[in-house]
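Have a look at the structure below, then the notes.
No hydrogens, no waters, no symmetry mates; every other heavy atom, side chains included, goes into these values. Chain letters run A, B, ... following the sequence lines, proteins first, then strands; residues in each count from 1. What you are looking at is a predicted structure, and each value in this text was computed from that prediction instead of being measured.
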There are 2 protein chains.
Amino acid sequence: MNRKEKVTIYDISKKLDISAATVSRALNQNPKISKKTRELVAKTAKEMNYKQNRLAQALKSGRTNNVGVIVPYINRSFFSSVIRGIEEELNPHGYHVIICQSHEEVKNEIKQLNALLNTQIDGIFMSVSKTTQNTDHVKKALAENTPLIFFDRKIETPGVSSVVLDDFKAGFMATEHLIQEGCKKIAHLSGDINLEIYKNRYEGYIAALEKYGLNHNPEHVILTNSKIESGQQAVVRLWECEEKPDAIFSAGDYAALGAIQELKRRNIKIPEEVCVVGFSNEPFTKYMELPITSMDQTPQLMGKIAAQVFLEQVKENLAVSIEKKVVLSPELFVRESSGRSILKTAANKALL
Amino acid sequence: MNRKEKVTIYDISKKLDISAATVSRALNQNPKISKKTRELVAKTAKEMNYKQNRLAQALKSGRTNNVGVIVPYINRSFFSSVIRGIEEELNPHGYHVIICQSHEEVKNEIKQLNALLNTQIDGIFMSVSKTTQNTDHVKKALAENTPLIFFDRKIETPGVSSVVLDDFKAGFMATEHLIQEGCKKIAHLSGDINLEIYKNRYEGYIAALEKYGLNHNPEHVILTNSKIESGQQAVVRLWECEEKPDAIFSAGDYAALGAIQELKRRNIKIPEEVCVVGFSNEPFTKYMELPITSMDQTPQLMGKIAAQVFLEQVKENLAVSIEKKVVLSPELFVRESSGRSILKTAANKALL
DNA sequence: TTGTATGCGTTATCAT
DNA sequence: ATGATAACGCATACAA
């Protein structure tokens, strides 16, 4: 008796002295079943505490009604918000969302992807890890006809739909904002250029500098990761330069935070001497003592749209795999770390 | 051709002109299969890109090698760390972790739980939502012989193991720390007393006051939720009291943060005039301009231990459901929001 | 060492 | 409107 004893449609059929097929049909609201039997079955099922075995159903139908989401980390506000968006869009359609983390390791990403494919998932949403160089593993999923949708971090792959931010525009907007605040020597804390998103943010930054005729000092571009410490170190290195920056556009909020900490340690006034802009609009940016200007990626919308793309894809259950590319617009939230114009009111509020 | 065409052991058996059973055995490292066939099968399987259908396997074996985790939110550092701990402990044993969120709604909790049970999960880890009043839904899981383990937030239920923090001790320690810093009128921002954890923290607070002969002002206990705003409002209400507090012990970090913001707005010096202690040791507490003293719940350890309890439970695959209660010790991280003794060095660093 | 047959719980096809 | 039966892909008891 070490196995779970579950009630099956057979148990119900025996009890009612009808066939299992009838029970199944009754349970599935098959119109050919008389109202009487249908209700009887429903009642008995409830009494016996019958639970449909979705494993069996899935094996039969080939559909599990489960989708998988693979993200680097779940405890980043951005990713958990995207997941929230996917859930909200998909739950009403009866889908259940399985969440997996890659911890920024391709190895894990591949393992999770295979695990999901083995469990016969109906679709996969994925934001690639920093260490992902190619999409061979993704192609396997495609080969099995499992719809896969990239969001935010993608690697261009034929046949794969994606929902991403216009990171070029975001980089441009952030830089342009700094220029409009009067900054002329704008540094950039870049993320790993392997990832399209960081490459695009960087290129947007460059484009804005060019548009406004500011010269671009390569020394002022520092590679950072998403850790606070790397933002601190970046400032250390920047302030070793001949020419000190008067603004920092960071491709991530954590690095921006680290940068701010180091600037404060050096007694450099923000935003008077140096303006700082972060990226992702993590909640903490807003409730810091010195609230940080940051770029919002509308993550929940991103999730919703990714889910919609998925739904379209499974609706047309043709062999034709439609490839859809959605690009969302970023939104800049200007706060005190760069908002020189809003400084006065801010000072009244913060009372440092 | 709208169905996924998957390679099965049958396809392999046909190709090699052996029986499907042999293929299955070879794939499962059955020792009775000759090395030659085993290797041949392995090679062919790889060539044909065979993927085991875990659905079928699960249906047969009654085990899915999947476990479910239900938490209120995934983007709280505490919960995502617990999940990380569970993953690390369980992955080596071949288990895959399915993560679900209740968003603090019983309704969702029940839905997620049932969805997990329907997918024939092997075990469930759960931290109940704030709105969960009873465990009828949990008892259903038990009735199906699915091991269920509470962590952190539990509701006492016969037959259910749990891994929790010693919240009473934590409340006591936090309050005692404030007393030792010289505070005499300690307010408490409580969470919903429905949840054991908040009740225990509150009682620990009371116990410490009593031990040190401080009188307990009921006006100084304010109900808050986990939002920043509720911490702000709490301070507003506290400062309407006849007797103003000289310390605040908050049962959550977000409320503590809100309290600090409001105190600053009122130009009240922290920690000189008022000391503040939070709870959960969320990462942001450490990197605030004024780092916040907070109680660490060793979440990753909590996850690891919960996983171990689960593994024990499934190892003894008897009908006997062992009930194990693990209680972890909290750890206080003293920072500047309450560390009057460490203030001088801190001041040098922070340079407000 | 390998093959045959059966069942896990459902649903769909074909009868009736 | 309902019943009998096969099939989804796999693993195993029983044979050989």
How long is the span from the CZ atom in Phe78(A) to the CG atom in Asn75(B), to the nearest 0.5 Å? 13.0 Å
Could you give the CD-to-P distance, from Gln57(A) to dG9(D), as a whole number of Å? 16 Å
Quickly work out the Arg54(A) CZ to dT10(C) C1' distance and round it to whole Å. 13 Å
So if I take every side-chain heavy atom of Ala56(B) and compare against dG9(D), dT10(C), dT1(C), which nucleotide ends up nearest? dG9(D)
Rounded to whole Å, how long is the line connecting atom NZ of Lys36(B) with atom C1' of dT2(C)? 13 Å
Interatomic distance where CG belongs to Leu117(A) and P belongs to dG9(D) [whole Å]: 16 Å
Side-chain N or O of Ser24(B) less than 4.0 angstrom from OP1 or OP2 on dC10(D)? no
Looking across every strand, which nucleic acid part, if any, lies under 4.0 Å from Tyr10(B) by heavy atom: base, sugar-phosphate, or nothing? nothing
So what does Ile18(A) hit on the nucleic acid, given a heavy-atom distance under 4.0 Å: a base, only sugar-phosphate, or nothing? sugar-phosphate
Going by atom types alone, do Thr157(A) and Thr135(A) pair a side-chain donor with an acceptor below 3.5 Å? yes
Over all heavy atoms of both residues, which pair between Asn108(A) and Gln101(A) is shortest? Give the atoms and the distance, please. CB-O, 4.4 Å
Establish, with yes or no, whether the OP1 or OP2 oxygen of dC8(D) is under 4.0 angstrom from a side-chain nitrogen or oxygen of Thr8(B). no
Rounded to whole angstroms, how far apart are CG on Asn30(A) and P on dA1(D)? 9 Å
Which of these nucleotides, dT12(D), dA11(D), dG3(D), is closest to any side-chain atom of Arg25(B)? dT12(D)
Whole angstrom value for the distance that separates P of dA7(D) from CG of Leu55(A): 21 Å
Indicate whether OP1 or OP2 belonging to dG3(C) is found under 4.0 Å from a side-chain N or O atom of Thr22(B). yes
Indicate, with a heavy-atom threshold strictly under 4.0 Å, whether Lys51(A) touches base, sugar-phosphate, or nothing. sugar-phosphate
Contact under 4.0 Å: Ser34(A) side-chain N or O vs dA1(D) OP1/OP2: no
Could you tell me whether the phosphate oxygens of dT11(C), OP1 or OP2, come under 4.0 Å of any side-chain nitrogen or oxygen in Asn28(A)? yes
Can you tell me if Gln52(A) touches the phosphate of dT11(C), counting only side-chain N or O atoms and a distance under 4.0 Å to OP1 or OP2? yes
From CA spacing to verdict: side chain to side chain contact (heavy atoms under 4.5 Å, CB included), Glu156(A), Glu196(A): CA-CA 9 Å; Glu156(A) 208 51 66; Glu196(A) 269 189 34; 4.1 Å; yes
Gap separating the CG atom of Asn65(A) from the CD atom of Gln57(A), nearest 0.5 angstrom: 7.0 Å
OP1 or OP2 of dT10(C) versus the side-chain N and O atoms of Tyr50(A): is any pair under 4.0 Å? yes
Arg38(A) CZ to dA1(D) P, in whole Å, measures 9 Å
Compare the minimum distances between each of dC8(D), dA4(D), dT12(D) and the side chain of Ala21(B), then state the nucleotide with the smallest one. dT12(D)
Could you tell me which non-hydrogen atom of His96(A) sits nearest to which non-hydrogen atom of Gln112(B), and how far apart they are? NE2-OE1, 3.0 Å
Once you round it to whole Å, what is the distance between P of dC8(C) and NZ of Lys60(B)? 8 Å
